[in-house]
2 protein chains.
Amino acid sequence: MGKRVTIQDLAKELDTTPSTISRALHDHPGISKTMTKKVKELAKKRNYRVNSVASSLRAGKSKTIGVIVPMINRDFFANVISGIEDVAFQNGFNVIICQSDNKVEKEIQHINTLISSGVAGVLVSLGFDTTDYAPFNKISQLGIPLIFFDRAPEHEKSIKIVNNDKAGAYKAVKHLIEMGYQRIAHLCGPSNLPLYKERKEGYLDALRDAGLPVEERLIITHNLTREAGYNITKKLMKYKNPPDAIFSASDYSALGALLYLKEERIKVPEEVGIVGFSNEGFTKLTGPELSTVDQHGKEIGKYSAKVFFEEMASDVFIPRTIILDPKLIVRRSSLRNQKLSD
Amino acid sequence: MGKRVTIQDLAKELDTTPSTISRALHDHPGISKTMTKKVKELAKKRNYRVNSVASSLRAGKSKTIGVIVPMINRDFFANVISGIEDVAFQNGFNVIICQSDNKVEKEIQHINTLISSGVAGVLVSLGFDTTDYAPFNKISQLGIPLIFFDRAPEHEKSIKIVNNDKAGAYKAVKHLIEMGYQRIAHLCGPSNLPLYKERKEGYLDALRDAGLPVEERLIITHNLTREAGYNITKKLMKYKNPPDAIFSASDYSALGALLYLKEERIKVPEEVGIVGFSNEGFTKLTGPELSTVDQHGKEIGKYSAKVFFEEMASDVFIPRTIILDPKLIVRRSSLRNQKLSD
DNA sequence: TAAGCCAATACAAACGTTTGCAGGAAATAG
DNA sequence: CTATTTCCTGCAAACGTTTGTATTGGCTTA
């Protein structure tokens with residue numbers, strides 16, 4: 001259980017002072033070459049490591065980024081975090097992760113501990129039910145860069161990095177229409193979150209542009225789980241005029257839909273087409289593979305981290321929204337016309 | 001850009017001293033009820049939050065756990081991290097995540113920054129190539145609890161939480177044999193990592209116990225990727241006496257195998273059976289679904305975190321290995337006898 | 001040779017919290 | 001009314017680093 005080596009130990013050993021050691025280690029020009037060299041050698045020899053808690057206290061902030069996501073064990077978020085960590089590492093920063101479980105109280109608690117621990121910045125993807133952004137304002141009020149990704153507040157003046165959900169949804173539904181589907185259902189998420197609202201709008205626009213009627217009974221709000229997808233599809237397929245395609249705001253519920261249809265021997269894509277959203281890892285592995293909309297999570301993570309570093313460097317705050325264009329990925333579940341071999 | 005409110009601000013406002021404030025906030029018995037109440041009210045009113053950087057410096061360590069994994073965006077690790085975060089949160093701790101990309105240098109660098117940032121403990125799953133554990137010893141030498149999970153060093157005196165890989169592999173191969181497969185190939189991982197070594201041993205034991213011959217040409221070491229699985233299977237199937245089953249140490253390469261076989265119209269499980277390892281999320285979604293061995297990642301994460309807190313509480317270090325029993329999950333890819341409907 | 005200057009290093013304060021110890025007032029005992 | 005105890009609060013140091021300012025010694029210059 002060796003004691004940690006401090007700058008003071010080095011100073012004593014070289015018969016000098018902590019300030020000289022500190023400056024030498026930072027290549028301060030006011031320190032002679034010889035001294036700098038001596039210090040660095042001793043530091044290596046004694047295996048000295050800065051106590052960054054101390055420097056953080058001195059500096060008023062630490063080299064740490066806080067990340068708050070609903071849950072870590074989701075392909076998309078795991079990718080985002082991975083991307084964030086990559087960029088943070090390159091810049092010598094650490095990443096603290098917090099999962100909110102979509103619970104507002106947890107978000108608030110995480111915000112508090114992150115502020116407490118002096119993070120240099122916070123990257124957030126909001127939970128389902130978050131409608132009050134005041135807790136987040138505290139972060140910005142303290143001058144800590146705050147960046148939203150994916151699930152961002154709608155009207156707030158803030159920095160957001162989001163997918164163009166509307167465009168993504170539009171592409172998906174347009175594609176279904178082109179494949180000849182006529183009664184396209186939409187499993188949508190809670191509309192207090194802009195991204196779900198936008199996906200719905202993209203869906204509606206695509207229908208309208210194609211001159212197709214909008215049927216309210218085919219638009220169902222749900223919690224984006226596989227189970228919900230399964231149950232809703234069961235309900236939908238019992239309508240007198242059941243849908244012939246499903247566009248879901250989530251791959252998970254799209255998967256639920258697929259599983260129900262397979263169970264009922266309703267052929268996908270021949271009888272019912274499906275397009276999901278997010279390009280979760282499993283979508284290219286289902287039978288048939290799920291068409292979906294790719295959000296390139298890792299890129300969003302990297303991008304968000306980069307924006308954070310930009311923000312930290314500059315001292316003027318400019319609210320802005322960066323919109324990345326998602327990509328429609330067409331797989332078997334929506335390819336009605338072509339016959340792909342099994 | 002409001003200034004942070006400190007304990008001193010509160011002291012000034014109540015015309016008392018920082019020490020009293022600190023004690024009051026911690027419900028120190030030596031402080032009167034009335035004072036304690038006054039302090040807490042003011043603290044809430046002024047929105048006071050401890051500066052945990054300062055307390056960490058004072059205490060010599062922070063309420064933070066460091067986690068090092070090869071990569072975050074893998075189902076298993078994402079689950080482990082999620083489990084760790086859950087338990088950490090309950091105990092008021094934060095989690096710093098670091099990905100090593102299976103690179104030794106990155107591991108070392110992460111170790112250094114974690115020590116620098118004064119983490120209270122470190123949880124690690126080793127990278128492929130890590131054979132020198134000296135950098136990790138530094139952690140324990142500083143009295144910081146160090147816990148390995150999943151990929152742990154073999155002989156070191158340390159705390160490890162691992163799956164019983166041998167038993168898992170044994171179950172998997174035994175199952176294949178019971179299904180009537182005779183020439184079972186094994187795609188194994190680098191054997192410097194005990195868990196892959198053990199999986200291989202389980203495989204060998206199962207063969208021997210069943211009186212089946214061990215064929216070296218059917219045992220292939222690879223890097224556990226889908227691509228490798230694909231290519232190796234291609235090679236294997238071109239043998240004069242190709243295998244009739246594949247047991248892979250990784251779901252990813254099992255998937256690669258499956259994809260190759262599908263491409264070649266070789267029927268799974270009728271002609272070739274497959275069992276993977278890890279129960280990655282996608283395995284229940286392939287066509288046919290992949291049999292696999294479940295490692296319950298979230299549980300391992302929770303367990304590891306709990307062990308860390310135990311370790312922090314106690315002051316005697318007892319090296320020990322906690323072995324969790326993995327579970328064979330039989331799905332279609334290895335069910336040769338029964339006919340399941342599609 | 002003294003004044004001035006530069007380079008190199010030392011001094012000291014600060015970041016915010018925690019905590020052992022000291023001290024003062026009130027309360028109880030004698 | 002004094003002595004002792006009890007209860008509460010204040011004082012001051014410490015954690016390790018960083019940085020503005022002071023200080024030292026050696027050197028140049030007039």
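By convention in this document, chain letters (A, B, ...) are assigned in the order of the sequence lines, proteins followed by strands, and residues within each chain are numbered from 1.
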| query | In whole Å, what is the span from the CD1 atom of Ile21(A) to the P atom of dT17(D)? | reply | 10 Å

| message | Tell me if the side-chain of Ser56(B) makes a donor-acceptor pair with the base of dC15(D), cut-off 3.5 Å, by modelled atom types. | response | no

| remark: Looking only at dT17(C), dC21(C), dT19(D), the nucleotide nearest the Ser55(B) side chain is dT17(C)

| Does Ser32(B) get its side chain close enough to the base of dC7(D), under 3.5 Å, for a donor-acceptor pair? | no

| Is the Tyr196(A) ring parallel, tilted or perpendicular to the Phe128(A) ring (thresholds 30°, 60°)? | perpendicular

| request: With heavy atoms under 4.0 Å as the rule, sort Asp15(A) into base, sugar-phosphate or nothing. | output: sugar-phosphate

| Atom pair distance, as rounded to whole Å: NE2 in His28(B) and P in dC21(C) | 13 Å

| task | Just say parallel, tilted or perpendicular for the rings of Phe309(A) and Phe93(A), cut-offs at 30° and 60°. | result | perpendicular

| Does a side-chain N or O from Tyr48(A) land closer than 4.0 Å to OP1 or OP2 of dG16(D), or not? | no

| remark: Heavy-atom nearest nucleotide on DNA chain C taken for Pro18(A) and for Ile31(A); more 5' hit belongs to Ile31(A)

| task | Take atom NE2 of His26(B) and atom P of dT17(C), then tell me their distance rounded to the nearest Å. | result | 10 Å

| Basic-acidic side-chain contact under 4.0 Å: Lys306(A), Asp86(A) | no

| message | Using 0.5 Å steps for rounding, measure from the CG atom of Asn73(A) to the CZ atom of Arg74(B). | response | 15.5 Å

| query | Looking across every strand, which nucleic acid part, if any, lies under 4.0 Å from Gly30(A) by heavy atom: base, sugar-phosphate, or nothing? | reply | base

| query | Atom CG of Asp27(B) and atom P of dT19(C): how far apart are they, to the nearest Å? | reply | 14 Å

| Value in whole Å for how far the C1' atom of dA14(C) lies from CG of Asn51(B) | 13 Å

| message | Rounding to an integer number of Å, can you tell me how far Ile7(B) CD1 sits from dG10(D) C1'? | response | 14 Å

| field | base_contact_polar (dG16(D) base, Arg49(A) side chain, donor-acceptor, <3.5 Å) | value | no

| Can you check whether Thr20(B) has a side-chain N or O nearer than 4.0 Å to OP1 or OP2 of dG10(D)? | yes

| task | Starting at atom CG of Leu57(A), determine the distance to atom P of dC15(C), rounded to an integer number of angstrom. | result | 9 Å

| query | Which of these nucleotides, dC11(C), dG20(C), dG16(D), is closest to any side-chain atom of Arg23(A)? | reply | dC11(C)

| remark: Testing dT19(C), dT9(D), dG16(C) for proximity to the side chain of Gln8(B), the answer is dG16(C)

| query | When we call it a touch if two heavy atoms are under 4.0 Å apart, what does Ser22(B) touch: a base, just sugar-phosphate, or nothing? | reply | base

| task | Can you tell me the distance, in whole Å, between the NZ atom of Lys33(B) and the P atom of dC8(D)? | result | 8 Å

| message | Under 4.0 Å, counting only non-hydrogen atoms across every strand here, what does Ser19(B) touch: a base, just sugar-phosphate, or nothing? | response | base

| query | For the atom pair CD (Glu311(B)) and CG (Leu146(B)), what is the distance rounded to the nearest 0.5 Å? | reply | 10.0 Å

| Is the shortest distance from a Lys or Arg side-chain nitrogen in Lys40(B) or Asp27(B) to a carboxylate oxygen in the other one below 4.0 Å? | yes

